[in-house]
Amino acid sequence: MSARPETRTPAAPASTAAPSSRLLGGRISRWIAVILIVAVILVFFSVANDDWFTIVNYTLIAAIAAISLNVLSGYTGQVSLGIAFFMAIGAYTAAYLGGDVPNTPLDPLGLGLPFIIWLPAAGIVAGLVGALIGPTALRLKGFYLGIVTLSLIFIGQYIFQNARRITGGPQGRAFPVPAIGGATFDQQNSLFGFALTSGQQYFLLILVVLLLAALFVYNVMRSRAGRAFRAVRDNETGATIMGVNLFEAKMGSFILSSFLAGIAGALFASYSRYIIPNYWSLALSIQFIAAIIIGGIASIWGSLLGAAFVFGLPLVIDHFSLLPVASGSGIISSGDLNALLYGLLIVVFLLFEPGGVIGLARRAKVLTRKLYTHKDEGGEPAEITDLPSESGSQLDAGNSTLTKGENT
């Protein structure tokens, strides 16, 4: 006697709501991260002393410069060793516009303008210099472009050493301090009834500039211009086929990078108060290259992490005297140790993880997500569904006959 075959309805997938829940979870985690960052900033602002503000302020300024280099080298793929030159252009523009009016013919020139003028002007002038140099430099690429930008460092050193009325010559010059009304940032002032130290005032200013720079670069990289930058980096021939104007894309990134470098140079010189021309050397440019490689190429967070490691960590080591002072007995100083350390890390990251610290974080995130997905969706057994068939249908195999659904 043949029994009627059983027909089962396929069960609905258990993970139908998984994408929406993951999206919601991602948004919640981002908001939690933002809240934690704001909380850390508030706690630091409330309890840190001037020594810590000095370390953090220099690191934040270095992060702005690292973002500027990442625009050109990370997002657009153009090798550049000239970031120190553009930082110097911004610094001396700020010195000329915001410096004190000279009392004697030997004093460096200054117009005494407020920082609301000289700070953006520092970036604009550096961007204009980048626009003048770009058409010549960007005709080359790779190693040759690196050599051209390297020459800017040596040309700049000669100019800065001899333009005494602007730079102060080999002995250097003082740089202007930001001021709001009659309150200057080099002394304690009150804001909404709270007394702020010089370090706290600079911290607020530098943090605002860093946030604006990071948001601007983030939005640019999500725009059509940013996609053109990345297309040029990945494959210039393919970018041309897609309709990208190579010259416009390279010039745009070069000018934006120069602008941000000029802002960073003006902030650094203003916070340091006194700089000699020798500071804007090749060693400074190499430090920023190390920062974006270690932190993460083509990443804003990578720029922050790289600046913290290359510029902030040596200041922390020196502040807490974690290493002995260098002497002739072969003891390694903090500066030597950090140079060796980030030199080694450059080689390690280039060989094994070109994405830097951010690349490692992304890999860890992907692994965590895979483990989470495997736990939630990987253990449910598959359900077998019998297809409907007529009673008495048979499958012949040699001399034997198998009747589906037949009971004996």
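Only a predicted model underlies this, so the values are computations on that prediction, with no experimental measurement involved. We count residues from 1, following the sequence as given.
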**Report entry** Min side-chain heavy-atom separation Gln171-Ile276 under 4.5 Å
**Finding:** no
Report summary line: Checking Tyr279, Tyr274, Tyr92, Tyr271 against Phe175 for ring pair (Phe, Tyr, Trp, His ring centres under 6.0 Å), the one that qualifies is Tyr92
Query raised in the report: Any donor-acceptor pair under 3.5 Å linking the side chain of Gln187 with the backbone of Ala183?
Result: no
Query raised in the report: Is Ser151 reaching over with its side chain to a backbone N or O of Val148, donor-acceptor style, under 3.5 angstrom?
Result: yes
Requested in this report: Pick out which of Tyr58, Phe185, Phe203, Tyr202 makes a ring pair (Phe, Tyr, Trp, His ring centres under 6.0 Å) with Phe53.
Outcome: Phe203
Report summary line: Smallest heavy-atom separation, Ser303 atom then Asn70 atom, equals OG-ND2, 2.8 Å
Requested in this report: Indicate yes or no: at least one non-hydrogen side-chain atom of Pro135 is less than 4.5 angstrom from one of Phe247.
Outcome: yes
Query raised in the report: Donor-acceptor pair, Arg233 side chain versus Gly74 backbone, under 3.5 Å?
Result: yes
Query - Heavy-atom closest pair, residues Ser281 and Ile153 - result: C-CG2, 3.9 Å
Requested in this report: Keeping the roles fixed (side chain from Ser272, backbone from Phe268), state whether a donor-acceptor pair exists under 3.5 Å.
Outcome: yes
**Report entry** Check: Thr76 side chain, Val71 main-chain N or O, donor-acceptor pair, under 3.5 Å
**Finding:** yes
Query raised in the report: Within the distance-only criterion (no hydrogens, no angle test), does the side chain of Arg173 pair as donor or acceptor with the backbone N or O of Gly99 below 3.5 angstrom?
Result: no
Query - Asp100 CG: over 12 foreign heavy atoms closer than 6.0 Å - result: no
Query raised in the report: Looking only at atom types and distance, does a side-chain atom of Gln201 sit under 3.5 Å from a main-chain N or O of Leu196, one as donor and one as acceptor?
Result: yes
Query - Heavy-atom pair with the smallest gap, counting every atom of Ala126 and Gly262 - result: CB-CA, 3.7 Å
Query raised in the report: Taking the side chain from Gln188 and the backbone from Ala195, do they hold a donor-acceptor pair closer than 3.5 Å?
Result: no
Report summary line: Closest non-hydrogen atoms of Pro170 and Arg164, given as atom of the first, atom of the second and distance, are CD-NH1, 3.5 Å
Report task. Please report the shortest heavy-atom distance between Ile64 and Ala264, naming the atom on each side. Result -> CG2-CB, 4.0 Å
Query raised in the report: Quick one: does Ser258's side chain have a donor or acceptor within less than 3.5 Å of a partner on Phe254's backbone?
Result: yes
Query raised in the report: Could you walk me through whether Thr104 and Asp107 pass the side-chain hydrogen bond (donor to acceptor under 3.5 Å, both in side chains) check?
Result: CA-CA 6 Å; Thr104 67; Asp107 292 336; 3.2 Å; yes
Query raised in the report: Checking side-chain hydrogen bond (donor to acceptor under 3.5 Å, both in side chains) for the pair Gln200/Asp50: CA distance, chi angles, key distance, verdict?
Result: CA-CA 8 Å; Gln200 289 175 321; Asp50 284 342; over 6 Å; no
Query raised in the report: Distance from Thr149 atom OG1 to Leu152 atom CG, nearest 0.5 Å?
Result: 6.5 Å
**Report entry** Evaluation steps, side-chain hydrogen bond (donor to acceptor under 3.5 Å, both in side chains), between Asp186 and Ser198
**Finding:** CA-CA 5 Å; Asp186 59 346; Ser198 175; over 6 Å; no
Query raised in the report: So how far is it from Leu81 CG to Leu69 CG, rounded to the nearest 0.5 Å?
Result: 9.0 Å
**Report entry** Nearest non-hydrogen partners of Ala122 and Gly90, listed with the distance
**Finding:** CB-O, 3.2 Å
Requested in this report: State whether the number of non-hydrogen atoms from other residues, nucleotides or ligands found under 6.0 Å of Phe44 atom CZ is greater than 12.
Outcome: yes
